[in-house]
Amino acid sequence: MLEIVTVGALTAFLTAVGNGAAGEMGKQVLVSTGALVRRTLGRETPLPANPAGMDVLARELHARLVRDQQQNGEWAQLLGSVPEPALLLRPAGLPPATRNFTDRQRVLKHLTREAVRPAAGRPRVALLYGPPGIGTTAVGLYWGAGRLARYPDGQVYVDLRDAAVESGPGPSAVLLRVLLKMGVERDRIPPTEAGREELYRRLTAGRRALVVIDHASSVAQVRHLIPATPEVFLLVIASGPAFALEAERIAVPRLKDRDAVKLLRKVAGPEKVALAKPQLPALLGHCAGNAFALKVAAMRLLTAEPSLPDAADGALGRSPVHGMAQATCRGLGSETARLCRLTAVGGWPAFDAELAGAAAGVDPEEAHRMLAEAADTQLVEALHEGCYRFRPEIRRLLADAAGPEHGIAECAAAVSRALGCLLNRALHAAHAALPRSWRVEPAPAEGTPYRDEAAGMAALRAEAANVIRAVSVAQEYGHVDVALRLARALWPLQLKSGYWDEVLPALQLAARFADEHDPDSRTAAALHFQLGHCLGELRRWEEADHETPLAVAGERAAGHLRGEASSVELQGLQMLSRWRYGTAYERFVEAEHLYRRISSGQDGAEDLPRALALAERHQGRALRGLERLEESRGHLERALDFFVEQGEAYNQGRVLTDLAETLHDAGDEAAALARIAEAERLLVPEGATPHLEYLARLRQRCEAGE
């Protein structure tokens with residue numbers, strides 16, 4: 001006799017599906033599960049919004065399965081065909097520690113005590129903190145470098161200071177970064193915060209690993225990372241005061257004078273330090289045991305620059321870092337210092353010679369030379385592929401100094417030039433990434449185009465943080481058009497790369513900005529569409545339900561049929577993901593009617609056949625959820641005919657998968673298996689691994705039903 005599927009198994013499965021992996025296959029599992037829920041209960045049941053709702057639904061389903069052996073068998077097949085994924089922890093490891101590490105023995109011993117103490121039910125967590133430049137990061141990396149054997153499952157390092165927003169990423173975005181660093185592919189990471197935390201805990205359960213979060217600024221960012229397994233050690237590093245995290249708080253103190261001298265000798269060499277012996281007492285006093293200030297002073301000793309800051313310098317009294325940075329600026333050429341100050345005004349997460357040159361109004365080649373000079377003095381940090389960044393406290397110092405040094409008008413002009421540079425690059429990249437999409441602008445006449453879609457996407461991903469930052473900078477400086485165009489250029493990132501957490505703040509700001517300055521326009525409607533799409537992908541349904549009607553109304557007010565139809569279609573897709581199949585079908589039918597009103601010569605006429613084919617597919621999927629299986633099959637076969645004619649292998653595979661599921665629901669397992677075989681043949685050359693895995697599980701269910 002077939003064993004009845006338990007309430008616990010159903011609850012766990014439904015919760016996993018509700019929080020499940022992002023990407024197309026995650027949504028396919030979600031929609032298909034909803035169809036089976038409807039078929040089991042005999043009525044439409046919207047996707048529960050919380051764990052309590054999932055438990056209630058599981059109990060309702062269980063009550064039916066106890067009485068219906070056939071339905072119990074279907075659920076048993078579904079649950080059995082979704083094996084526990086292999087959870088492989090593949091972290092990239094920690095960045096290299098500094099060669100010039102000095103002392104800190106008490107701090108290192110304190111860290112070790114927390115790492116090796118008996119767990120006794122208490123998570124192993126340490127908060128390492130200290131003023132900017134004191135060496136908190138250096139301590140964490142040095143300690144971790146000597147603990148490879150203790151953490152054989154890996155070391156995970158996430159630095160939060162490269163965020164596009166001043167406050168840093170939120171809790172869900174931090175979880176995303178950690179999972180990516182653990183080796184999880186982006187399209188396998190759940191879109192919800194709860195789902196991400198659950199995956200993090202499964203990945204770390206029973207493991208021996210070190211997780212380091214650098215430049216954290218709040219409890220909220222790291223609360224969900226507190227380990228539940230005794231051999232995982234969470235090390236949180238804060239550049240500033242401690243915050244109220246339940247952790248072993250370990251302050252990194254200033255270096256004692258004898259250790260400060262050791263550091264100077266390691267960096268500058270004993271001979272240079274000996275020559276500067278008369279200055280040492282004053283120098284040590286100015287540096288106040290700050291590791292960064294001492295390193296800058298040592299570099300100045302190497303180049304025979306005056307190593308003492310000017311006592312008349314107003315920055316000297318603020319902090320050792322500020323004093324030494326100001327002294328470094330004076331030691332650089334005036335044009336190099338000007339470039340650094342004007343670049344700092346924008347607060348860019350990273351910058352190359354082209355962007356810095358645009359800010360300063362100098363040739364990129366000259367900017368490259370200047371940045372290399374600034375990097376030699378530690379005023380900027382070299383990253384990779386010609387990119388640089390400022391330490392946060394140095395960027396603030398330089399930005400504050402830019403106004404008095406160069407005037408407000410020149411600072412504003414520098415920001416305007418930098419925004420123009422970023423907009424040009426973003427528009428080129430977005431157009432290359434989606435060359436046939438009407439949601440991105442044509443490539444500008446000026447600038448360098450990218451060779452293909454892959455190059456465009458790679459460039460847009462590399463520039464994402466700066467473009468996101470540029471939206472708020474453009475808003476702050478009153479560049480309305482630039483802010484809105486930059487936000488629209490983010491569309492390929494959210495459509496093709498799943499950068500929903502990253503682009504969300506910029507889209508929220510841009511949509512508000514558009515409503516204030518350009519309401520009832522196609523631009524405002526498009527931004528509400530992007531924002532609604534992003535919120536839906538993150539399964540923040542209430543917020544999405546606010547945005548998508550604004551997109552529909554805005555496109556309608558602007559007389560843009562294609563945009564209105566697309567926005568209505570988005571509403572349907574979001575209803576489909578929430579198991580509201582009747583409403584979804586109505587929206588898809590409405591979208592089709594709107595598309596059919598587009599006449600020859602109107603915007604969107606050239607793409608109309610493809611839009612109608614997609615509408616057929618979406619209606620077929622919704623009809624399957626309504627158990628109108630014969631109608632579903634008809635719509636899907638018409639959509640398939642179009643994609644066969646167009647030679648679009650991947651879209652053929654998608655529709656064939658939908659058809660196979662519809663045929664399986666109808667009990668025609670032989671036909672379903674034939675469609676699965678066709679889809680596999682088309683998708684293997686496409687390298688669509690998640691889709692092929694899904695088809696393999698669907699095949700198991702069909703074979704079990706034969």
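Quick caveat: nothing in here was measured; it's all calculated off a predicted structure. Note that these values count all heavy atoms, side chains included, but never hydrogens, waters or copies made by symmetry.
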Charged N-O contact under 4.0 Å between R562 and E555: no
Student check: side-chain heavy atoms of P48 and V56 closer than 4.5 Å: no
Lys/Arg-Asp/Glu bridge criterion (N-O < 4.0 Å) met for K27, E537: yes
Q652 side chain to G647 backbone, donor-acceptor under 3.5 Å: no
Intermediate values then yes/no, side chain to side chain contact (heavy atoms under 4.5 Å, CB included), E680 and R699: CA-CA 11 Å; E680 289 171 333; R699 176 185 291 280; 2.7 Å; yes
4.5 Å side-chain heavy-atom contact, E661 and R624: yes
Approximate separation, where rounding is to 0.5 Å, of R539 CZ and L47 CG: 8.0 Å
Nearest-0.5 Å distance, CG of residue L659 to CD1 of residue I676: 11.0 Å
Ring-ring centroid check F529 W491, cutoff 6.0 Å: yes
Test item: side-chain donor near acceptor, T45 and W579, under 3.5 Å: no
H546-W541 aromatic ring centre distance below 6.0 Å: no
Salt bridge present between R59 and D55 (N-O < 4.0 angstrom): yes
Electrostatic pair E185:R188 at N-O distance under 4.0 angstrom: yes
Side-chain (T229) to main-chain (A205) donor-acceptor, under 3.5 angstrom: no
Heavy-atom check, side chain of R38 versus side chain of L626, under 4.5 Å: yes
Min side-chain heavy-atom separation V232-R124 under 4.5 Å: no
Ring-face cation of R628 near Y585 (centre distance under 6.0 Å, axis angle within 45°): yes
Salt bridge R587-E592, side-chain N to carboxylate O under 4.0 Å: no
Lys/Arg cation over aromatic F643: R610, 6.0 Å, 45° cone: no
Audit row: Q571, D545, side chain to side chain contact (heavy atoms under 4.5 Å, CB included) steps and yes/no: CA-CA 8 Å; Q571 287 182 309; D545 285 345; over 6 Å; no
L698 vs C702 side-chain heavy atoms within contact, under 4.5 Å: yes
N-O pairing of R186 and E502 below 4.0 Å: yes
Basic-acidic side-chain contact under 4.0 Å: E60, R64: no
Over 12 non-hydrogen atoms of neighbours within 6.0 angstrom of CZ in R43: yes
Cationic N near anionic O, under 4.0 Å, R675 to E637: yes
Atom CZ of R39 with >12 non-hydrogen neighbours under 6.0 angstrom: yes
Close side-chain approach of L531 to L550, heavy-atom, < 4.5 Å: no
